[in-house]
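These notes concern the structure reproduced below.
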Amino acid sequence: MQANKIRSFLREQIKTSAISRNIHTDTSTIELTKDEKFGDLTSNCAMVWAKSVGKNPIQLAQELIQEWKNLSEYFSEVTIAGAGFINFKLDLEQWSLMMESILSDHFSFKINDPSTSELSSYHLEFVSANPTGPLNVVSARAAVIGDVLANILKTLNHQVHCEFYVNDAGNQVKLLGISVLERWKELQGLPFQIPDDGYHGSYVIEVAKTLSSRISSDTTIDQIAEWAVQEIVKEQKQTIEKYRTHFDRWFFESELRRNRKEIEVLEWLQQNNYIYESEGALYLKTTITGLDEKDRVVVTSNGTPTYFLPDIAYHLDKYRRGFRYAINFLGPDHHGVIGRMSAAMKLLNVPDDFLQIRLIQQVNLIRNGEIVKMSKRSGEIVTLQDLLNELGDNDAAVDVTRFFFLQRKVSTPLDFDLTLAKKQTEENPAYYVQYAHARICSILRQPELESYLGSQWTKTSINELQEPETKRVLRKLLEYPFVLERCGQALDPNGLATYLMELAAVFHKFYTHHRVIGQAPKVTLARVKLIQAVKKILAHGLSLCRITIPERM
RNA sequence: GCGCCAAUAGCUCAACAGGACAGAGCACAAGCCUUCUAAGCUUGGGGUUGGGGGUUCGAGUCCCUCUUGGCGCGCCA
């Protein structure tokens with residue numbers, strides 16, 4: 001939209017000036033100002049360059065303004081302020097064009113400026129919980145983050161593929177099989193004994209019940225394990241879909257193994273001398289990359305591959321499928337993976353920036369003021385389904401938790417207070433945003449406004465939108481594409497939730513200060529168009545978050 | 001012991017690859033509905049951004065150090 005166009009124009013000017021001063025890596029930024037008194041857009045380039053050019057920032061800023069052409073085409077005022085900020089006040093015409101672009105039918109935030117964004121294909125892996133139990137609340141956080149980030153990246157015109165990696169091979173799955181078998185014995189009234197490191201949760205009993213007709217005394221553990229995984233994954237899929245998160249593919253480790261992909265990788269690594277043997281086990285020389293602190297075992301001395309080997313094969317497979325970036329969201333207890341996996345990718349000649357591992361910090365569940373310790377093995381779990389049940393298991397419950405998780409940065413641990421969350425369904429921040437949308441719909445339903453709804457935006461309407469509370473709304477609208485771009489770059493959708501709160505806030509303030517109905521026709525028209533624009537952006541943002549967009553509340 | 005992540009108002013969190021006076025919500029106090037939804041708005045109190053150094057025009061943000069909390073450090077996944 002218009003905001004991108006304006007920024008590209010400025011960026012070009014700054015770039016030209018940078019090159020003529022021999023500045024090749026320019027770290028200056030163009031930002032929206034925090035306060036209207038500084039204009040609308042601001043650049044810090046004069047301050048950033050001052051040192052290497054050997055001039056004081058203010059003097060440099062004056063030179064730059066002289067140098068730049070056609071500023072008046074976009075800006076009504078360009079000033080130097082503070083330590084050397086160059087501030088740009090947008091011309092009314094530009095505000096009008098912005099409104100026009102938002103209100104137009106084929107309105108889009110897609111960024112068409114190749115200098116600001118290379119279009120890429122992203123592989124997003126998130127949640128990837130083990131298929132040995134139901135999804136818990138930590139998975140819920142990952143699900144929302146990954147899902148909304150995917151939506152944002154798509155809006156920015158990137159190709160996005162979301163994947164859930166199912167670790168359905170190895171020891172843990174065998175343990176699951178044993179645990180199910182023992183529970184089955186229990187159901188048959190036979191003596192049973194679940195191993196200490198087995199799975200003790202009550203869901204195992206449910207799985208055993210479901211499978212009871214298929215199990216007999218000569219069924220193998222592997223078979224039971226396979227069936228159990230199927231049941232649990234089915235359950236996980238249902239829950240996650242209910243939670244409005246969709247994966248393009250559920251990738252099974254067993255599939256990789258059936259095609260002997262991990263052996264293929266191992267052989268390649270051996271041929272290239274990256275593997276050595278010690279005490280009967282095979283080690284990968286991850287340390288030679290400088291990215292890992294010690295070499296890692298890939299095949300144990302009894303001949304079975306560790307989880308690491310298929311993991312390498314999986315990430316290589318992502319690369320071979322042609323993605324430009326693989327973003328991998330992991331739980332905080334996996335941070336050890338970063339070093340070894342980056343090292344493995346390097347050994348396989350995959351570009352350094354291909355794999356980007358992000359940690360999602362943990363979720364502490366608090367109930368009645370106490371932390372609920374969760375562990376699949378001990379059986380004390382609060383599942384995602386439990387959580388939804390506690391909150392009422394309806395659309396509102398999903399809205400609440402999705403928005404709650406989106407409000408926090410992924411890099412910080414968070415406390416989820418169950419008792420509070422239940423109460424907050426009445427006074428939740430998500431409602432604040434939704435309420436703004438419902439309020440606008442309510443205004444637009446008024447019969448007096450019917451004749452205005454379909455009218456075209458006219459350039460002069462912008463003159464009617466100059467009160468402080470109204471101008472603040474316009475400034476917020478201008479910010480939206482900046483917000484999306486920032487979220488995409490940071491690989492964190494957190495900023496979107498914050499933005500929606502702010503947009504709702506400026507609207508609510510506008511609402512209490514100004515009335516749409518009963519004004520001079522040109523004023524009513526301008527305000528109708530304004531709230532239509534706000535409605536459009538709110539709906540767009542909420543749909544990226546996959547939160548209900550209510551017409552009435 | 002080594003490593004990773006964090007610490008911002010009474011509580012939960014913001015602050016956009018260092019930027020202009022650190023902002024919201026909840027809670028607390030006082031107000032605003034005979035006119036478009038009061039799930040809203042207005043006003044107020046509340047902070048040495050865990051402590052201490054440093055880097056620079058400028059630090060919550062970067063570096064060092066200390067304190068506190070969480071998590072890792074297996075031929076488990």
Side-chain angles (χ1 to χ4, degrees), chain A residues 27 29 31-35 37-38 42 44 47-48 50-51 56-58 81-85 87 130 132 167 169-173 175 197 253 278-283 293-294 296-308 311 331-339 359 361-362 364 404 407-409 411-417 420 424 426-432 434-436 438-449 479 482-483 485-487 489-490 494-495 497-499 501-502 504-505 507-518 524 527-528 531 552-553:
Chain A
T27 55
T29 56
E31 293 169 10
L32 292 158
T33 55
K34 280 183 187 150
D35 194 314
K37 73 182 177 208
F38 300 125
T42 184
N44 59 359
M47 292 181 288
V48 174
K51 205 171 192 178
N56 91 54
I58 296 189
F85 290 100
N87 294 332
N130 285 333
T132 51
N167 234 288
N171 228 342
Q172 46 166 3
V173 172
L175 275 172
D197 52 357
E253 181 185 347
S278 172
E279 295 175 19
L282 297 183
Y283 283 78
E293 49 200 15
K294 59 181 178 184
R296 305 291 170 174
V297 173
V298 286
V299 179
T300 68
S301 53
N302 65 25
T304 55
T306 64
Y307 80 99
F308 186 35
D311 242 28
D333 50 335
H334 287 77
H335 76 245
V337 172
I338 298 176
L359 296 181
Q361 286 300 321
Q362 85 190 72
N364 293 318
F404 182 84
Q407 279 187 289
R408 272 84 179 162
K409 280 189 299 195
S411 61
T412 54
L414 71 85
D415 293 340
F416 195 107
D417 190 327
L420 203 66
Q424 277 186 348
E426 284 308 304
E427 45 186 70
N428 193 277
Y431 287 171
Y432 185 76
Q434 292 173 314
Y435 183 53
R439 246 183 168 178
I440 293 172
C441 292
S442 167
I443 301 170
L444 295 175
R445 273 194 300 269
Q446 301 301 316
E448 295 93 322
L449 296 181
E479 195 178 340
F482 287 75
V483 169
E485 199 184 11
R486 202 191 309 147
C487 290
Q489 273 166 5
N494 159 265
T498 310
Y499 171 81
M501 290 289 288
E502 290 167 356
F507 166 73
H508 285 310
K509 289 186 173 103
F510 163 83
Y511 177 87
T512 42
H513 284 92
H514 303 288
R515 298 183 58 78
V516 177
I517 294 170
T524 294
R527 290 183 182 169
V528 165
I531 64 172
R552 296 169 198 270
M553 281 176 82

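Excluded from the calculations below are hydrogen atoms, water molecules and symmetry mates; all remaining heavy atoms, backbone and side chain alike, are included.
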Practice prompt. Scan Asn56(A) against the nucleic acid and name what it touches under 4.0 Å (heavy atoms): base, sugar-phosphate only, or nothing.
Written response: nothing
Practice prompt. Output yes when at least one side-chain N/O atom of Tyr307(A) is less than 4.0 Å from OP1 or OP2 of A77(B), else no.
Written response: no
Practice prompt. In whole angstrom, give the distance that lies between atom NZ of Lys34(A) and atom C1' of G19(B).
Written response: 7 Å
Fill in: Gln172(A) CD - G74(B) P separation (whole Å)
18 Å
Item to complete: Could you give the distance separating A17(B) and U43(B) at their P atoms, to the nearest angstrom?
Response: 30 Å
Worksheet item: Who pairs with Tyr499(A) by ring-ring contact (aromatic ring centres under 6.0 Å, His included), at least two apart in sequence or on another chain?
Response: Tyr480(A)
Item to complete: For G60(B) versus G23(B), give the span between their C1' atoms, rounded off to a whole number of Å.
Response: 12 Å
Item to complete: Work out which heavy atom in Ile58(A) is nearest to a heavy atom in Asn56(A); give both atom names and the distance.
Response: N-OD1, 2.9 Å
Discussion item. Using atom C1' in both nucleotides, what's the gap between A24(B) and A77(B) to the nearest angstrom?
Written reply: 41 Å
Fill in: Partners meeting ring-ring contact (aromatic ring centres under 6.0 Å, His included) with Tyr283(A) (sequence neighbours left out)
Tyr276(A)
Worksheet item: Contact class for Tyr511(A) vs. all strands (heavy atom < 4.0 Å): base, sugar-phosphate, or nothing?
Response: base
Item to complete: Could you tell me which residues satisfy ring-ring contact (aromatic ring centres under 6.0 Å, His included) with His508(A), sequence neighbours excluded, listed by chain and number?
Response: Tyr432(A), Tyr435(A)
Item to complete: Among A15(B), A38(B), C76(B), find the nucleotide with the atom closest to the side chain of Tyr435(A).
Response: A38(B)
Worksheet item: Can C33(B) be described as syn, meaning its chi torsion is within 90° of 0, or is it anti?
Response: syn
Item to complete: Send over the distance from Arg445(A) CZ to C36(B) P, rounded to a whole Å.
Response: 13 Å
Practice prompt. For the side chain of Lys509(A), starting at C-beta, report the closest nucleotide among C36(B), C41(B), A20(B).
Written response: C41(B)
Worksheet item: Phe507(A) CZ to A38(B) C1': how many Å, rounded?
Response: 13 Å
Discussion item. Suppose we screen for side chain to side chain contact (heavy atoms under 4.5 Å, CB included). Which residues come up paired with Gln446(A), at least two apart in sequence or across chains?
Written reply: Ser442(A), Glu448(A), Leu449(A), Ile517(A)
Worksheet entry | Over all atoms of both residues, closest heavy-atom pair of Arg296(A) and Phe308(A) | CB-CE2, 3.7 Å
Worksheet item: Looking at the side chain of Gln489(A), which of A17(B), A77(B), C41(B) is the nearest nucleotide?
Response: A17(B)
Discussion item. Does the structure place the NZ or CZ of Arg486(A) under 6.0 Å from the centre of the six-membered ring of Phe482(A), at an angle of no more than 45° from the ring's axis?
Written reply: no
Worksheet item: When you check the phosphate oxygens OP1 and OP2 of A15(B), does a side-chain N or O of Tyr499(A) lie under 4.0 Å from one of them?
Response: no
Item to complete: Determine the interatomic distance between P on A7(B) and the same-named atom on C62(B); round to the nearest Å.
Response: 10 Å
Fill in: Distance below 4.0 Å between Gln446(A) side-chain N/O and U35(B) OP1 or OP2
no
Item to complete: Report the residues that fulfil side chain to side chain contact (heavy atoms under 4.5 Å, CB included) with Asn167(A), sequence neighbours left out, ordered by chain and then residue number.
Response: Asn130(A), Pro131(A), Tyr165(A), Gln172(A), Glu253(A)
Item to complete: Answer yes or no: side-chain N or O of Asp333(A) and base N or O of G72(B) forming a donor-acceptor pair under 3.5 Å.
Response: no
Fill in: Those residues that, when tested against Phe510(A), pass ring-ring contact (aromatic ring centres under 6.0 Å, His included) (two or more places apart)
His514(A)
Discussion item. Any base atoms under 4.0 Å from Thr304(A), or only sugar-phosphate, or nothing? Heavy atoms, all strands.
Written reply: nothing
Worksheet item: Starting at the 5' end of RNA chain B, which residue's closest nucleotide do you reach first, Met501(A) or Arg515(A)?
Response: Met501(A)
Discussion item. Let's see if you can work this out: which of A77(B), C16(B), C41(B) has an atom nearest to the side-chain heavy atoms of Glu31(A)?
Written reply: C16(B)
Worksheet item: So what does Thr29(A) hit on the nucleic acid, given a heavy-atom distance under 4.0 Å: a base, only sugar-phosphate, or nothing?
Response: nothing
Worksheet item: Looking only at atom P, what distance separates G44(B) and G58(B), rounded to whole Å?
Response: 33 Å
Worksheet item: Where along nucleotides 1-14 of chain B does protein come under 4.0 Å, by heavy atom, of base (B) or sugar-phosphate alone (S), with - for untouched nucleotides?
Response: --BBS------SSS
Response to the item:
For Thr42(A), the side chain to side chain contact (heavy atoms under 4.5 Å, CB included) test, sequence neighbours excluded, returns Glu31(A), Thr33(A), Phe85(A), Asn87(A)
Fill in: Stacking of Phe85(A) on A20(B) base (centres under 5.5 Å, planes under 30°)
yes
Practice prompt. May I ask you to say what Asn167(A) touches in the nucleic acid, namely base, sugar-phosphate or nothing, with a heavy-atom cut-off under 4.0 Å?
Written response: sugar-phosphate
Worksheet entry | Side chain of Tyr432(A) - closest among G19(B), C41(B), U35(B) | C41(B)
Discussion item. I'd like the C1' distance from U65(B) over to A29(B), given in whole Å.
Written reply: 43 Å
Discussion item. I'd like to know if the side chain of Arg527(A) and the backbone of Arg515(A) have a donor-acceptor N/O pair within less than 3.5 Å.
Written reply: yes
Worksheet item: Met47(A) has an atom CE; how far is it from atom P of A59(B), in whole Å?
Response: 13 Å
Worksheet item: Separation of Glu253(A) atom CD from C76(B) atom C1', in whole Å?
Response: 13 Å
Worksheet item: Is Gln362(A) touching bases, backbone alone, or none of the nucleic acid, heavy atoms closer than 4.0 Å?
Response: sugar-phosphate
Practice prompt. Could you check which of G19(B), A39(B), C41(B) has an atom nearest any side-chain atom of Met553(A)?
Written response: A39(B)
Worksheet item: In whole angstroms, how far is the C1' atom of C36(B) from the CD1 atom of Ile531(A)?
Response: 8 Å
Practice prompt. Would you mind telling me which of C36(B), A77(B), C41(B) lies closest to the side-chain atoms of His508(A)?
Written response: C41(B)
Practice prompt. Using the P atoms only, state how far G25(B) lies from C41(B), rounded to an integer number of Å.
Written response: 7 Å
Worksheet entry | OP1 or OP2 of A38(B) under 4.0 Å from side-chain N/O of Arg439(A) | yes
Worksheet item: Quick check: are there more than 12 heavy atoms from other residues, nucleotides or ligands sitting under 6.0 Å from CD of Glu502(A)?
Response: yes
Practice prompt. Only stems of 3 or more consecutive Watson-Crick or G-U pairs count here, both distances under 3.5 Å; name the ones for RNA chain B, or none.
Written response: B:1-7 with B:67-73, B:10-13 with B:23-26, B:28-32 with B:40-44, B:50-54 with B:62-66
Worksheet, complete the sentence: When rounded to whole Å, the NZ to C1' distance for the pair Lys294(A) and G72(B) reads 11 Å
Discussion item. Let me spell it out: for each of Ala281(A) and Phe38(A), pick the nucleotide of RNA chain B with the closest heavy atom. Which residue's pick is nearer the 5' end?
Written reply: Phe38(A)
Worksheet entry | C1' gap between A14(B) and U8(B), integer Å | 10 Å
Item to complete: Report yes or no: does Thr306(A) contribute a side-chain atom to a donor-acceptor pair with the main-chain N or O of Val299(A) at less than 3.5 Å?
Response: no
Item to complete: Indicate, with a heavy-atom threshold strictly under 4.0 Å, whether Pro57(A) touches base, sugar-phosphate, or nothing.
Response: nothing
Discussion item. Using a heavy-atom cut-off of 4.0 Å across all strands, would you classify Phe482(A) as base, sugar-phosphate, or nothing?
Written reply: nothing
